[in-house]
Amino acid sequence: MQLQNPQLLRQQALIGNEWQDADNQSRFDVANPASGAVIGSVPNMGAAETRRAIASADAAWPAWRQRTAKERSVILRKWFDLVMANQEDLAQLMTAEQGKPLAEARGEVAYAASFIEWFAEEARRSYGDVVPSPANDRRIVVIKQAVGVTAAITPWNFPLAMITRKAAPALAAGCTMILKPAEQTPLSALALAYLAQQAGVPGGVLNVVTGDAVQIGGELTSSDVVRKLSFTGSTAVGRLLASQSANSLKKLSLELGGNAPFVVFDDADLDAAADGAMASKFRNTGQTCVCANRILVQASVYDAFAAKLTARVAALKVAAGTEDGATQGPLIDSDALHKVEEHVADALAKGAKLATGGARHALGGTFYEPTVLLNATPDMQLAQEETFGPVAGLFRFNTEEEAIALANATEFGLSAYFYSRDVARVWRVAEALEVGMVGINTGVISHAEAPFGGVKQSGLGREGGKYGIDEYLELKYLCMGGL
Ligand SMILES: NC(=O)c1ccc[n+]([C@@H]2O[C@H](COP(=O)([O-])OP(=O)(O)OC[C@H]3O[C@@H](n4cnc5c(N)ncnc54)[C@H](O)[C@@H]3O)[C@@H](O)[C@H]2O)c1
Ligand SMILES: O=C[C@H](O)CS(=O)(=O)O
């Protein structure tokens, strides 16, 4: 990995203005999932360092919230500019530690930066209200103020975007933050924090603590100083962190697991639907929370759609992310590989028919062949659990009502997709799906301008859009009497 700006390879954590090692000097390695090669190491911090980071964020908060919204906006805009100026290096770093193809990594850098750009603009639009008073001796005013010290815990699958989707609105609102990135992808987080420093984000406003998730999370969730926790990751961990946060009654943002249905109706443009399914299912080698996890196809077009999708899947290029033309990288680790293998084996044992793929890739390691399984049924694990890998299970349905019932038959409710050219059907189905986000005739829905989030066991709150900054603001009602 050759970086044009070697300063971006940060191998210490950031607390206040200081890049620090763990108190006991312990470290953990960061490995390239495509080769297993160690590409760096970071401090293995725990409770004591986390407490220092909380104190640092608390000390920095008064001056940061006193900055005007415009001053914070200008600093965030500079941060955006620096991220984009270093796009190639950040992409190389991301592919090295997460494995995604370079083209996708470059795309994620721009996507991550778009949250900084968006909230640099939103910073100046946290409007309050003046409410018509019920009496002439008083006035009713509502203002919005920063929540205070916040914490963020983020996953490995989008090493930059899941961070900026939290840090950008937090800093824009006038909050400070302690971030614990995923242990698999800390280098991207530290590079991002370095660029924040270079942009003029004062010491203590953004702290990055790497290390023992349980110890760090325990401190962040139990501290009364930390007024909000924003978590992106599995539903199981989200539930745990929410329970750990109960005693301190923190504001919570939880972006959790998904099990997205992708529905192809008989009036769909089948080529467009196949392209959309590819974009949704195989992005990041199937490792996104909004990946199509169940593909439901109306019986009359099932065989035609299956053929179109299978041809596209068979054409995917599995390779290390740095290889030209790579469109599928390695899975993040052996646990992820074993889960994919388990889902495929379970489906085949329960009657699924293999159309393409279905085995570990010849490259070895955690590479897996992009797979299409036909005749999938709701009793299969891949219907009930998030596969988080390059496996498309095709289910058959007959009626619109059956499709909606199948689509909603999950504890999750993050995203859903469907293809139809019947306007009345589009409105009926979009309103009937029990999710937070619906892709209609598209497989890609993630934009900084839109509110991202789910219902049921997929989480709480929204990130991005005009709603995202509200997660970091408190409403205060002023009743001005004696007039
Ligand atoms: N809804 C979304 O926006 C979204 C986005 C990306 C990923 N995800 C979900 O995340 C999951 C995959 O990501 P993952 O494997 O990193 O998830 P994960 O829940 O295992 O880990 C996420 C983060 O939580 C930390 N963590 C784990 N256990 C912890 C504990 N006990 N205390 C404190 N922190 C702890 C990890 O170190 C990591 O930083 C999938 O379920 C995916 O759907 C959701
Ligand atoms: O894994 C899901 C993330 O939210 C990624 S994205 O926002 O869909 O790009």
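Numbering starts at 1 and runs along the sequence shown. All ligand and atom numbering here is 1-based and tracks the order in the structure. No experiment lies behind these values; they were computed from the predicted model shown.
Nearest heavy-atom pair across Glu97 and Ile332 is O-CD1, 4.3 Å. Residue Ala376 comes nearest to Leu382 through the heavy atom pair CB-CD1, 4.4 Å, listed as atom of the first residue, atom of the second, then distance.
Side chains of Glu49 and Gln20: no donor on one and acceptor on the other come within 3.5 Å. Using a 3.5 Å distance cut-off with no hydrogens or angles, the side chains of Ser253 and Glu471 do pair a donor with an acceptor. For the 3.5 Å distance criterion, the side chains of Glu88 and Gln92 qualify, holding a donor opposite an acceptor.
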**Request:** Check the pair Tyr419 / Phe262 against ring pair (Phe, Tyr, Trp, His ring centres under 6.0 Å), numbers first and verdict last.
**Result:** CA-CA 8 Å; Tyr419 276 70; Phe262 186 105; 5.4 Å; yes
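Ring planes of Tyr194 and Trp19: tilted class, angle from 30 to 60°.
Within 4.0 Å of ligand 2, protein heavy atoms belong to Tyr111, Asn157, Phe158, Met162, Arg165, Arg283, Thr288, Cys289, Val290, Ser446, Phe452, listed by chain and number.
Glu108 is listed as a side-chain neighbour of Pro159, based on a closest heavy-atom distance under 4.5 Å. Side-chain contact between Thr285 and Gln328 is present, with at least one heavy-atom pair separated by less than 4.5 Å.
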Distances only, to 0.1 Å: what are the N or O pairs between ligand 1 and the protein that fall under 3.5 Å?
from	atom 1	to	atom 2	distance (Å)
ligand 1	1 (N)	Glu255	O	3.3
ligand 1	1 (N)	Leu256	N	3.2
ligand 1	1 (N)	Leu256	O	2.7
ligand 1	3 (O)	Arg165	NH2	2.8
ligand 1	10 (O)	Gly233	O	3.3
ligand 1	10 (O)	Ser234	N	3.2
ligand 1	15 (O)	Trp156	NE1	2.9
ligand 1	16 (O)	Trp156	NE1	3.2
ligand 1	17 (O)	Ser234	N	3.4
ligand 1	19 (O)	Ser234	N	2.9
ligand 1	19 (O)	Ser234	OG	2.7
ligand 1	37 (O)	Lys180	NZ	2.9
ligand 1	37 (O)	Glu183	OE1	2.6
ligand 1	39 (O)	Thr154	O	2.7
ligand 1	39 (O)	Lys180	NZ	3.0
ligand 1	41 (O)	Glu386	OE1	2.8
ligand 1	43 (O)	Glu386	OE1	3.1
ligand 1	43 (O)	Glu386	OE2	2.6

